[in-house]
Amino acid sequence: MDDIGSAKHYRKVAIAACFGTFLEWYDFLTFATLAVVLGPLFFPSNDPNTGLLASLATFGVGMVVRPIGSALFGSLGDRIGRKPVFMITITLMGLATVSVGFLPTYTQIGIWAPILLVSLRLLQGLSAGGEIGGSAIYLTEHAGNERRGFKTSFLQLMGPLGILVSTLQVAFLQQWLSSQEFQSWGWRIPFWISLLLLMTAVYMRRSLEETPVFLELSKQYKKNESQLINNFRDAEIRKRMFILFFCISSSGAILFFCVQVYTAIFLKSSVKLNPALVDQLSIFATLTLFPFTIFAGWLSDRIDRKPVVLGGIFLGAIFIYPAFQMLQTLGAEYTESHAISALLGMGLILTILSLSLGLVIGPQTALLAELFPAKNRNSAATLPHNLAAGWIGGLLPLIVTWLNQIWGNSLAGLWYPVTFLGIAATTAFIHLPETRNTNLKH
């Protein structure tokens with residue numbers, strides 16, 4: 001067996017864990033990438049906005065049930081180990097996603113089409129709840145105490161990478177196929193491809209070892225009882241769960257869905273930019289996020305986690321509203337004239353948005369594990385993290401779009417994420433503890 005502390009062993013663990021998490025995000029976010037396409041296929045309406053809202057609501061359903069999956073699988077992770085839960089969640093996600101690719105549309109089976117689609121989104125949400133957060137614990141417990149922020153920051157790239165691969169696929173298919181072919185069957189291909197990715201992920205994860213922290217715990221605690229109830233009985237753990245939920249995970253989720261999901265929806269539906277151009281801008285935003293995330297993880301090892309995360313939250317709170325305001329203005333200029341200068345301006349805006357996101361999520365993987373004691377860690381971290389991602393981040397595109405329609409203004413709904421980030425930043429400044437030097441074995 002490889003030495004747990006060796007760089008070679010950690011790379012093996014990191015690659016397998018990250019690939020599985022990439023598959024989870026790819027599967028989960030392919031739906032978001034295709035939301036505009038799936039709306040009329042599964043939720044036909046005379047009003048395109050109504051179909052888009054229904055499609056976004058279905059995406060949101062998968063996010064809403066994530067906390068249920070995290071409660072179930074997070075508790076299992078503390079009882080039976082991190083690795084078995086990994087195998088269950090990845091299989092559930094892969095099978096649910098492949099099934100979406102075989103669903104008949106509304107014109108073929110009527111109301112059963114959206115019912116089946118929502119049911120599969122529920123399964124995806126349960127799976128994501130166990131995977132996303134649990135994988136952060138698994139990787140961090142293998143990372144050791146040195147350069148933990150940097151070494152675990154790569155896991156945070158899997159969400160953007162899932163978006164990137166999904167967007168590239170859709171862009172390629174739309175170029176390769178006619179519009180009629182893509183609407184008829186081409187949209188199914190990204191879902192079918194997940195079957196190959198699933199088999200690869202299962203093969204890679206099968207050889208993973210349990211974390212050294214859990215192995216030590218299993219020797220100390222012969223009866224691995226569920227820690228979920230105990231978490232709420234402990235005042236300090238309860239406080240840290242709230243801080244993780246409200247400040248760290250909610251802020252990261254809001255920024256992620258603003259930058260990686262809602263930006264594309266906004267540019268396509270409100271600004272009316274060419275979808276192919278929007279896809280190119282989305283790819284650019286994702287590519288700029290990669291170095292920012294790794295840099296933020298590295299920086300958190302040097303100057304502590306708290307100042308890095310706070311910097312990202314404050315930047316997001318200040319910049320989100322004017323960013324979308326400028327995107328709207330530049331989008332109008334692009335359709336009329338000054339195409340190059342408009343593109344450069346939009347690229348700069350997306351770069352700054354990506355910076356704010358990178359500063360929050362770079363140290364986030366390490367923070368998730370460092371906030372809690374070892375025996376409670378999986379359940380204590382995954383529940384608030386997925387609650388934030390599901391209820392705050394996942395519903396953001398729906399809430400913002402709905403508020404825009406209520407107020408008759410394409411920017412009005414953005415005051416929701418701006419206000420949330422402002423309150424979260426203030427709360428974190430006062431209450432978030434520094435965790436960089438935490439011993440994960442305790």
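On a predicted model such as this, the values are computed, not experimentally measured, just so you know.
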Are any side-chain N or O atoms of Gln156 and backbone N or O atoms of Met158, one a donor and one an acceptor, separated by less than 3.5 Å?
-> no
Quick one: does Leu95's side chain get under 4.5 Å of Thr91's, heavy atoms only?
yes
Ser300 meets the side chain to side chain donor-acceptor pair (under 3.5 Å) criterion, sequence neighbours left out, with Arg305
Inset, instruction - Give the intermediate values and the outcome of side chain to side chain contact (heavy atoms under 4.5 Å, CB included) for residues Val271 and Leu327. - result: CA-CA 8 Å; Val271 183; Leu327 284 174; 5.6 Å; no
Any side-chain heavy atom of Phe290 sitting closer than 4.5 Å to one from Leu161? yes
Please determine whether side chain to side chain contact (heavy atoms under 4.5 Å, CB included) holds for the pair Ile294 and Phe150, giving the CA-CA distance in whole Å, both sets of side-chain angles, and the decisive distance to 0.1 Å. CA-CA 6 Å; Ile294 302 302; Phe150 170 75; 3.4 Å; yes
*asked:* For Phe420 and Phe246, take the angle between the two ring planes, folded into 0 to 90°, and tell me which bin it lands in: parallel under 30, tilted 30 to 60, perpendicular over 60.
replied: tilted
For the pair Asp301 and Arg147, find out whether any cationic side-chain nitrogen is under 4.0 Å from an anionic carboxylate oxygen. no
Query raised in the report: Do Ser270 and Gln328 have a side chain donor and acceptor closer than 3.5 Å?
Result: no
Output for pair (His385 NE2, Gln364 CD), nearest 0.5 Å, gives 5.0 Å
Separation between CD1 (Ile88) and OG (Ser127), nearest 0.5 Å, reads 10.5 Å
TODO: Decide yes or no for Met199 and Leu196: does some side-chain heavy atom of the first lie under 4.5 Å from some side-chain heavy atom of the second?
DONE: yes
Between Phe429 and Phe314, is the ring centroid distance below 6.0 Å? no
Item to complete: Measure from the side-chain N and O atoms of Thr263 to the backbone N and O of Cys258, and report whether any donor-acceptor pair falls under 3.5 Å.
Response: yes
Hits for salt bridge (charged side-chain N to carboxylate O under 4.0 Å, His left out) against Glu236, two or more places apart or cross-chain, chain-then-number order -> Arg240
Heavy atoms of Leu383 and Phe232 approach each other most closely as CD2-CZ, 3.8 Å
In short, Ser410 meets Asn404 closest at the heavy-atom pair O-ND2, 3.1 Å
Heavy atoms of Arg377 and Ala369 approach each other most closely as NE-O, 2.9 Å
Are Lys151 and Glu146 ion-paired here, with the side-chain N under 4.0 Å from a carboxylate O? no
Closest heavy-atom pair, Ala253 versus Gly393, reported as atoms and distance to 0.1 Å, is CB-CA, 3.7 Å
- Item | Side chain to side chain, Leu255 and Ile361, heavy atoms closer than 4.5 Å | no
* To do: Applying side chain to side chain contact (heavy atoms under 4.5 Å, CB included), run through Leu287 and Ile283 and close with a yes or a no.
  => CA-CA 6 Å; Leu287 291 175; Ile283 292 168; 4.0 Å; yes
Rounded to the nearest 0.5 Å, the CD1 atom of Ile349 sits from the CZ atom of Phe324 at a distance of 10.0 Å
Rounding to 0.5 Å, atoms CZ (Phe242) and CG (Leu387) come to a distance of 11.0 Å
Polar side-chain atom of Arg148 near backbone of Leu367 as donor-acceptor pair, under 3.5 Å
no
In short, side chain to side chain donor-acceptor pair (under 3.5 Å) pairs touching residues 283-293 with sequence neighbours left out are Gln260-Thr286, Thr288-Ser354
Side chain to side chain donor-acceptor pair (under 3.5 Å) pairs touching residues 414-423, sequence neighbours excluded, are none
CG (Leu273) and CZ (Phe266) are apart, to the nearest 0.5 Å, by 9.5 Å
- Query: So Leu157 and Phe22, side chain to side chain contact (heavy atoms under 4.5 Å, CB included) or not? Walk me through it.
  - Reply: CA-CA 8 Å; Leu157 301 182; Phe22 158 73; over 6 Å; no
Any non-hydrogen side-chain atom of Val278 less than 4.5 Å from a side-chain atom of Asn274?
no
- Between Ser166 and Gly162, is there a donor-acceptor pair closer than 3.5 Å when you use the side chain of the first and the backbone of the second? no
Query raised in the report: Is it the case that more than 12 heavy atoms not belonging to Tyr203 sit under 6.0 Å from its OH atom?
Result: no
side-chain contact (heavy atoms from CB on, under 4.5 Å) test vs Leu421 passes for just one of Ile320, Ile318, Leu315, namely Ile320
Heavy-atom closest pair (Pro433 atom, Ile243 atom, distance to 0.1 Å) is CD-CD1, 4.4 Å
The residue among Ile423, Leu396, Ile392 that forms side-chain contact (heavy atoms from CB on, under 4.5 Å) with Ser250 is Ile392
*asked:* If we ignore hydrogens and angles and just use 3.5 Å, is the side chain of Thr329 paired with the main-chain N or O of Gln325 as donor and acceptor?
replied: yes
> Are Met346 and Leu281 close enough that some pair of their side-chain heavy atoms sits under 4.5 Å apart?
Replying inline: yes
Practice item. State whether the side chain of Ser249 and the backbone N or O of Phe245 hold a donor-acceptor pair below 3.5 Å, judged by distance alone. Key: no
What I'd like to find out is whether the side chain of Ile340 reaches to under 4.5 Å of the side chain of Leu343, using heavy atoms alone. no
Asp234 meets the salt bridge (charged side-chain N to carboxylate O under 4.0 Å, His left out) criterion, sequence neighbours left out, with none
With sequence neighbours left out, the residues meeting salt bridge (charged side-chain N to carboxylate O under 4.0 Å, His left out) with Lys306 are none
> With distance as the sole criterion, is a donor-acceptor pair present between the side chains of Thr140 and Glu370 under 3.5 Å?
Replying inline: no
Would you indicate whether the side-chain heavy atoms of Ile137 and Phe372 approach each other to under 4.5 Å?
no
For Val360 and Ser251, the nearest pair of non-hydrogen atoms, with its separation, is CG1-C, 4.5 Å
One should read off an interatomic distance between Thr97 OG1 and Ile193 CD1, to the nearest 0.5 angstrom, of 12.5 Å
Tell me whether Trp192 at atom CH2 has more than 12 heavy atoms from other residues, nucleotides or ligands lying less than 6.0 Å away. yes
